[in-house]
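This report concerns only the one structure given below.
Note that the coordinates shown come from a computational prediction; the quantities given were computed from them, not determined experimentally.
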Amino acid sequence: MRKQSGRVRFAVGSGLVLSAALAGAAEDDAADAGQGEAVASVTVTATRRSASLQSVPLAVSVVDGERLERSNRTSIDTVVQEVPSATFRQQGGNKDSTLFVRGIGTISTSPGVEPTVSTVVDGVVYARPGQATIDLLDIDRIEVLRGPQGTLFGKNASSGVLNIVSRAASEQSGGFVDASYYQGKEKRVRAGVTGALKPGVLRGAVSAVLSDYDGNVNNVQGGGRVNGYERRGVRGRLDFTPNADLDIALIADYLKSDSTPTQTVYRQSSAAFAQALLPVVAGVENRQVNADLVNAIADINKGISAQVEWRRDGYTVTFITALRDWDNTQRTTTSPIGNSADVARVTSAYPATRDIGTLNFRQVSQELRVVSPRGQAVEYVAGAFYLHGRDRETYRRIVTTGVTTSATDSGRADYGIDSDSYALFGEGTFNLTPAWRLIAGARWTRDELAYDHVRSSTRTVAFPGVQPGTQSAGDTSETGYSGRLGVQHDLAANATAYATWSRGYKGPAYNVFFNMLPRDALALAPETSNSFEAGIKGSAFERRLTVNVALFHAGYANYQANFYDTVAGAVVTRLINAGDVSTRGAEIDVSARPTHRVTVSAALAYTDARIDRFNCPPAAAASCNLNGRTLPFAPHFKSFVRAAYALPLANGWNADVSADYSYQTRTQYDLFQSPDAIQPAYGIVNAAIELSSSANGWKVALVGKNLADKSYATNLVSATGYVTRAVPRDDRRYFGITARKEF
């Protein structure tokens, strides 16, 4: 990778962005200079009731949906660039990808473990991390709640919540068509209509998306590109208001996604491996692979939900019923130098493997929630929640070796998980005085979990990557508690301070996977956490400046993490109760409107996430001397700065110029601290120029991504003799154009 001084680049880049915006503001005439506007107020539902972002006693990052669309950030992995407290682990398939908040996240393909960061879309909890591989279609905003949120959001929110809120149907008829094209043949077309079907009573909206991208990795065998995607989706919504006290929303969505994710060889240490890799040459900016069986991942995410809100005497009762299905098919290879069709490359040292897996996950959930009136001595939220999940998976591994002749063996596993979760929860705010409030809440959760697993093999003994046949089954149940206590004090009309303690709970787990062994039949203990957070939120200069600061410390016991182990002669990851970990740090978010034409926002997070005590399993294949080491995917510093300048033109047109800069310090991607899995510090600069006319309904923008042409990796995986890297979309500079017509 090209070397750069991370802190210097951060300071210079931030200064350039801010200087450019402020220089434009300085050139405004005197009349314009006196027309500054307040920073827009943001409404969030982080406390299960609508409230101003500046008033809620917890740390929340909010990302605007329209801004994400303009920036070509259309999936979860790209959104985290704007949220310094969050990172994303990109791996081969969606089953392996994970979101981290404040350095805490769970890495596992097992259906028997829950995510640490909960994804909630329009009030519906997504039980599996892979379900969050959605196209961000018709999004109003994304709220990232930082830290344990188990009291109101449940057991799979022990590190945070990704709360996605879509746009409601409009009373006024309208529609849009927009299209974008980016270098690398990335295309995206969206269209939607909305309006009243019966004025004042029934409104509807439907939108659709078609997008595809060839990829940015060249496959030298047969030509073509990989690491791309193709998505087709539709989302519909009906909002029914039969009277002033009742709202009913029916939402349905469908998304089909096909992708070819791959990891390129980043570094190698064996002359024999380098020879077998040719004509591909390993390198830190390598964007080539040599494969005649490319990875192919197919996902279908679909669901329907009904949300009913009934209001009476200031109370609001909410019912949310949802059904979701996730189908996933993965065809992947773990051999970077060949596969079963190329015997010359396949050896006993480098066996070719082809994995074919299918997954079907279905969940049914029901939530009942009561919200009390505002302005009372005690304001509260109380409710009940139930979720049933059923997962069925089939996984087949085909292994080809070529010692003297080509030989092929295979194994197959059929397994699944059934889970039921019941919960009762409540949280109250006690208004002691107009300026002082106490916060107290608790959640009771009952988990019931059962698994079954059967594996067959073409051999009666283990061979590379496959254990002999076996079968097992088991079940477990646990009762857990979450809670929150806190105090909030209004320092002034435009400033508030808070301090909270939160207890998180994540349920029991089973390490169910293809090569599951009898030692994996025992259930993992629940993961618990204790978190302390203190913060100040305020505004100044007639709300032209808002500042939010948070300090936090959280400790996790029985942390559920993947441990490297050797199974059938191959290094694999095994889910265990890894011990105790902790995270501490500080976060600051700033928004400013120095003039009505200039908007500046900045966010900085310092995170120190570490392993306090690691439990080394018996007969471990890897070193367990990890106490005091950094958790993976947890850079110490991460920041995001954005500046925008609006300039009115003739004939009612406007020009908006914006730039943003994201930066993070060196990041360790490996729990076991491999020196080959460290991503050096890097910064990414993006910019856009948009021309718009509200009268004509037109918006046209030129977008530039990674203008400094910085190559980086979103994941580095160390194997015997080589290291591979996950290549992000913006691994190199590219440009695009977008156009939107509203009618």
May I ask you to check whether [X] and [Y] show a side-chain donor-acceptor distance below 3.5 Å?
X: Ser711; Y: Asp731; value: yes
X: Ser692; Y: Asn654; value: no
X: Gln679; Y: Thr667; value: no
X: Gln288; Y: Asn218; value: no
X: Asp299; Y: Trp326; value: yes
X: Arg397; Y: Ser410; value: no
X: Arg73; Y: Gln81; value: yes

(request) Check each of Arg225, Lys187, Lys185 against Asp212 using the salt bridge (Lys or Arg N to Asp or Glu O under 4.0 Å) test, and report the only one that passes. (result)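 Only one of Arg225, Lys187, Lys185 forms a salt bridge (Lys or Arg N to Asp or Glu O under 4.0 Å) with Asp212, namely Lys187.
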For [Y], is there any backbone N or O sitting under 3.5 Å from a side-chain donor or acceptor partner on [X]?
X: Asn286; Y: Val265; value: yes
X: Ser110; Y: Phe513; value: no
X: Asp140; Y: Gly65; value: no
X: Ser718; Y: Ser674; value: no
X: Asp660; Y: Ala687; value: no
X: Ser159; Y: Ile104; value: yes
X: Thr260; Y: Gly228; value: yes
X: Asn706; Y: Asp730; value: yes
X: Lys256; Y: Arg231; value: no
X: Tyr182; Y: Thr738; value: no

Ionic contact status for [Y] with [X], cut-off 4.0 Å:
X: Arg732; Y: Glu285; result: no
X: Arg740; Y: Glu742; result: yes
X: Asp253; Y: Arg324; result: yes
X: Asp138; Y: Arg167; result: yes
X: Asp589; Y: Arg146; result: yes
X: Glu66; Y: Lys699; result: yes
X: Arg128; Y: Glu114; result: no

To check you understand the geometry: which heavy-atom pair defines the closest contact between [X] and [Y], and what is its length?
X: Gly103; Y: Ala634; answer: CA-CB, 3.7 Å
X: Thr78; Y: Ser75; answer: OG1-O, 2.7 Å
X: Ala708; Y: Arg733; answer: C-NH1, 4.2 Å
X: Val220; Y: Pro279; answer: CG2-CG, 4.0 Å
X: Gln668; Y: Asp670; answer: OE1-N, 2.9 Å

How many angstroms lie between atom [atom1] of [X] and atom [atom2] of [Y], to the nearest 0.5 angstrom?
X: Gln268; Y: Asp676; atom1: CD; atom2: CG; result: 11.0 Å
X: Thr106; Y: Leu99; atom1: OG1; atom2: CG; result: 11.0 Å
X: Arg232; Y: Leu210; atom1: CZ; atom2: CG; result: 4.5 Å
X: Ser211; Y: Glu230; atom1: OG; atom2: CD; result: 8.5 Å
X: Thr119; Y: Ile76; atom1: OG1; atom2: CD1; result: 6.5 Å

(message) Using the rule given for side-chain contact (heavy atoms from CB on, under 4.5 Å), can you reason through Ile142 versus Val62, listing the C-alpha separation, both sets of side-chain angles and the distance that settles it, and then say yes or no?
(response) CA-CA 6 Å; Ile142 297 178; Val62 181; over 6 Å; no
Tell me, do [X] and [Y] make a side-chain contact under 4.5 Å, heavy atoms counted?
X: Ile737; Y: Val703; value: no
X: Tyr682; Y: Tyr663; value: no
X: Ser601; Y: Val641; value: no
X: Val727; Y: Asn216; value: yes
X: Asn301; Y: Tyr254; value: no
X: Ile684; Y: Lys710; value: yes
X: Ile139; Y: Ile164; value: yes
X: Tyr266; Y: Val284; value: yes

(message) Please confirm whether the ring centroid of Tyr661 lies under 6.0 Å from the ring centroid of Phe640.
(response)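 Ring-ring flag for Tyr661/Phe640: false, centres at least 6.0 Å apart.
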(request) For Lys741, look at atom NZ and say whether over 12 heavy atoms of other residues, nucleotides or ligands are found less than 6.0 Å away. (result)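 Counting other residues, nucleotides and ligands, NZ of Lys741 exceeds 12 neighbours.
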(request) Show your reasoning for whether side chain to side chain donor-acceptor pair (under 3.5 Å) applies to Tyr395 and Asp355. (result) CA-CA 7 Å; Tyr395 209 87; Asp355 291 347; 3.3 Å; yes
(message) One pair to check against side chain to side chain donor-acceptor pair (under 3.5 Å): Thr358 and Thr329. What are the steps and the verdict?
(response) CA-CA 4 Å; Thr358 62; Thr329 301; 5.9 Å; no
(request) Under the salt bridge (charged side-chain N to carboxylate O under 4.0 Å, His left out) rule, what do Glu143 and Arg141 come out as? Steps first, then yes or no, please. (result) CA-CA 7 Å; Glu143 305 170 6; Arg141 68 183 184 276; 2.8 Å; yes
(request) Apply ring pair (Phe, Tyr, Trp, His ring centres under 6.0 Å) to Phe100 and Phe88, showing your working. (result) CA-CA 6 Å; Phe100 291 73; Phe88 189 85; 8.8 Å; no
(message) Check the orientation of Tyr669 and Phe633. Use parallel for under 30°, tilted for 30 to 60°, and perpendicular for over 60°.
(response)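 Taking Phe633 first and then Tyr669, their aromatic rings sit tilted (interplane angle of 30° to 60°).
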(message) Go through it in stages, so that I can follow the logic: the residues are Glu82 and Arg642, the test is salt bridge (charged side-chain N to carboxylate O under 4.0 Å, His left out), and I'd like the CA-CA distance, side-chain angles, deciding distance and then a yes or no.
(response) CA-CA 9 Å; Glu82 297 198 16; Arg642 183 179 186 274; 5.9 Å; no
(request) Please determine if Arg729 forms a cation-pi arrangement with Tyr734, meaning its NZ or CZ atom is less than 6.0 Å from the six-membered ring centre and no more than 45° off the ring axis. (result)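 Geometry flag: set, cation within 6.0 Å and 45°.
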